[in-house]
K.L.:
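Once you've had a glance at the structure underneath, I'll fire off some questions.
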Amino acid sequence: MIKDKVVLITGASSGIGEAAAKLIASKGAKVVLGARREDKLKQIADEIKSAGGEAVYQALDVTKPADNEAIVKLAKDSFGRLDAIFLNAGLMPVSPVSAVKTDEWKQMIDVNINGVLNGVAAVMPTFTEQKSGHILAVSSVAGLKAYPGTAVYGGTKWFVRDFMEVLRMESAMEGTNIRTATLYPAAINTELLDTITDKGSADGMQQVYDAFGISPDRIADVVAFALDMPEDTNVSEFTVGPANQPW
């Protein structure tokens, strides 16, 4: 059941994070919102509370371990516990390797990989102690199949895929009852395209999104489905895209 679960969401200021926060809050979850844009978080939290939901927020840079630890503390101080974390923050400045955009490579590694590790590290002591918890993370179809132009981005999402699967197996072996869910979205209409600085890549991706892009609300539905599953059930992977998508 979603009702009364305390769920921490990273990258909650727009796109999938915002959609998921509003949906699960409408179903009775108590949401803890984190992202760099505190003004956007306040707006979303106010909208949730105006609709009768419960929400708190805090500025969060997922690349900083201390920020992740602080927002976990906020969740527990505000609601007395933490039941799930949705690791949604990510960047997608795709480009061909030959463009040698090393600063963007490092940025994707820091947010898409280290951001996930920092979030898991922040919740693991709590989840291990209470012998329950749900960790959801966003990979990508680029974490399932290689696409030209996505060498580094796809690499970060392949990491998320492997890390989450090993985490699931280790939890089962250790008896900590920590469940996992890895999402593999395709073209979702969010702000990700705004981070692409390589013109050829940006034009190509825009064409794909114009043809096949779907609403982040569709991913929010999957997040809600995963959170609503019985505690003794662990469906760990979800690939989401339109029926006519060529991937």
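Below, all heavy atoms of this structure are taken into account, side chains as well, without hydrogens, waters or symmetry copies.
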K.L.:
Between Lys76 and Val72, is there a side-chain heavy-atom distance shorter than 4.5 Å?
P.N.:
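In contact.
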K.L.:
So, for Gly213 and Asn189, which heavy atoms are closest and what is the spacing to 0.1 Å?
P.N.:
C-ND2, 3.4 Å
K.L.:
Are side-chain N/O atoms of Arg168 and Thr182 paired as donor and acceptor at under 3.5 Å?
P.N.:
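Absent: no donor and acceptor within the cut-off.
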K.L.:
Is a side-chain N or O of Thr180 found less than 3.5 angstrom from the main chain of Ile135, in a donor-acceptor match?
P.N.:
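Pair absent, no side-chain N/O of Thr180 close to backbone of Ile135.
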K.L.:
Do Ile71 and Val32 have side-chain heavy atoms sitting under 4.5 Å apart?
P.N.:
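Yes - at least one pair of side-chain heavy atoms lies under 4.5 Å apart.
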K.L.:
Mark yes when over 12 heavy atoms from residues, nucleotides or ligands other than Arg36 sit less than 6.0 Å from its CZ; otherwise mark no.
P.N.:
no
K.L.:
When you check the gap from the basic side-chain N to the acidic O, do Glu191 and Lys40 get nearer than 4.0 Å?
P.N.:
no
K.L.:
Crowded around Met169 CE? As in, over 12 foreign heavy atoms under 6.0 Å?
P.N.:
yes
K.L.:
Checking the side chain of Asp228 only, and the main-chain atoms of Ala224 only, is there a donor and an acceptor separated by less than 3.5 Å?
P.N.:
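A pair under 3.5 Å: no.
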K.L.:
Between the side chains of Lys42 and Glu38, is the shortest nitrogen-to-carboxylate-oxygen separation below 4.0 Å, so that they form an ion pair?
P.N.:
no
K.L.:
Walk me through whether Met108 and Thr195 qualify under side-chain contact (heavy atoms from CB on, under 4.5 Å).
P.N.:
CA-CA 11 Å; Met108 280 188 282; Thr195 68; over 6 Å; no
K.L.:
Would you indicate whether the side-chain heavy atoms of Tyr57 and Ile44 approach each other to under 4.5 Å?
P.N.:
no
K.L.:
Using a 3.5 Å distance criterion without hydrogens, assess whether the side chain of Lys5 forms a donor-acceptor pair with backbone atoms of Ala84.
P.N.:
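Answer holds: no.
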K.L.:
Between atom CD1 of Ile24 and atom CG of Asp221, what is the distance when rounded to the nearest 0.5 Å?
P.N.:
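CG of Asp221 is found 12.0 Å from CD1 of Ile24.
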K.L.:
So, do Met164 and Val160 sit near enough that their side-chain heavy atoms are less than 4.5 Å apart?
P.N.:
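A side-chain contact exists here, since the closest heavy-atom pair is under 4.5 Å.
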K.L.:
Checking Leu136 against Leu227 for the side-chain contact (heavy atoms from CB on, under 4.5 Å) test, could you report, in this order, the C-alpha distance in whole Å, the side-chain angles of both residues, the deciding distance, and whether it holds?
P.N.:
CA-CA 9 Å; Leu136 301 87; Leu227 288 169; 3.8 Å; yes
K.L.:
How many angstroms lie between CD1 in Ile2 and CG in Asp83, if you round to the nearest 0.5 Å?
P.N.:
12.0 Å
K.L.:
Got Lys30 and Ser78 here, is their nearest side-chain heavy-atom distance under 4.5 Å?
P.N.:
no
K.L.:
Say whether Val120 and Val166 are linked into one hydrophobic cluster, either directly or through other cluster members, by side-chain heavy-atom distances under 4.5 angstrom.
P.N.:
no
K.L.:
Do Leu144 and Trp158 land in one hydrophobic cluster if side-chain heavy atoms of ILVMFWY residues count as linked below 4.5 Å?
P.N.:
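No.
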K.L.:
State, without any angle test, whether Gln206 and Asp210 hold a side-chain donor-acceptor pair at a distance under 3.5 Å.
P.N.:
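Yes, side-chain donor-acceptor contact under 3.5 Å.
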K.L.:
Is there side-chain contact between Leu193 and Met92, with at least one heavy-atom pair below 4.5 Å?
P.N.:
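Sidechains of Met92 and Leu193: in contact.
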K.L.:
Donor-acceptor pair, Thr10 side chain versus Asn88 backbone, under 3.5 Å?
P.N.:
yes
K.L.:
Counting distance only, does the side-chain N/O of Asp110 pair as donor-acceptor with the main-chain N or O of Thr63 below 3.5 Å?
P.N.:
no
K.L.:
For the residue pair Arg81 and Asp4, establish whether any side-chain heavy-atom pair is separated by less than 4.5 Å.
P.N.:
yes
K.L.:
Any side-chain heavy atom of Asn68 sitting closer than 4.5 Å to one from Leu60?
P.N.:
yes
K.L.:
Indicate whether any N or O donor in one side chain lies under 3.5 Å from an N or O acceptor in the other, for Glu104 and Ser95.
P.N.:
no
K.L.:
Could you measure the distance from the CG atom of Leu167 to the CZ atom of Arg179? Nearest 0.5 Å is fine.
P.N.:
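With rounding to 0.5 Å, CG (Leu167) is 13.0 Å from CZ (Arg179).
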K.L.:
Let me check something: do Ile16 and Leu23 share a hydrophobic cluster, defined by ILVMFWY side-chain heavy atoms less than 4.5 Å apart, either directly or through other members?
P.N.:
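Cluster IDs for Ile16 and Leu23 differ.
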K.L.:
Please confirm whether the backbone N or O of Lys157 pairs with a side-chain atom of Asn112, one donor and one acceptor, at under 3.5 Å?
P.N.:
no
K.L.:
Consider side-chain contact (heavy atoms from CB on, under 4.5 Å). Of Ile85, Thr176, Ile178, which one does Met124 pass it with?
P.N.:
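Among the candidates, only Ile178 passes.
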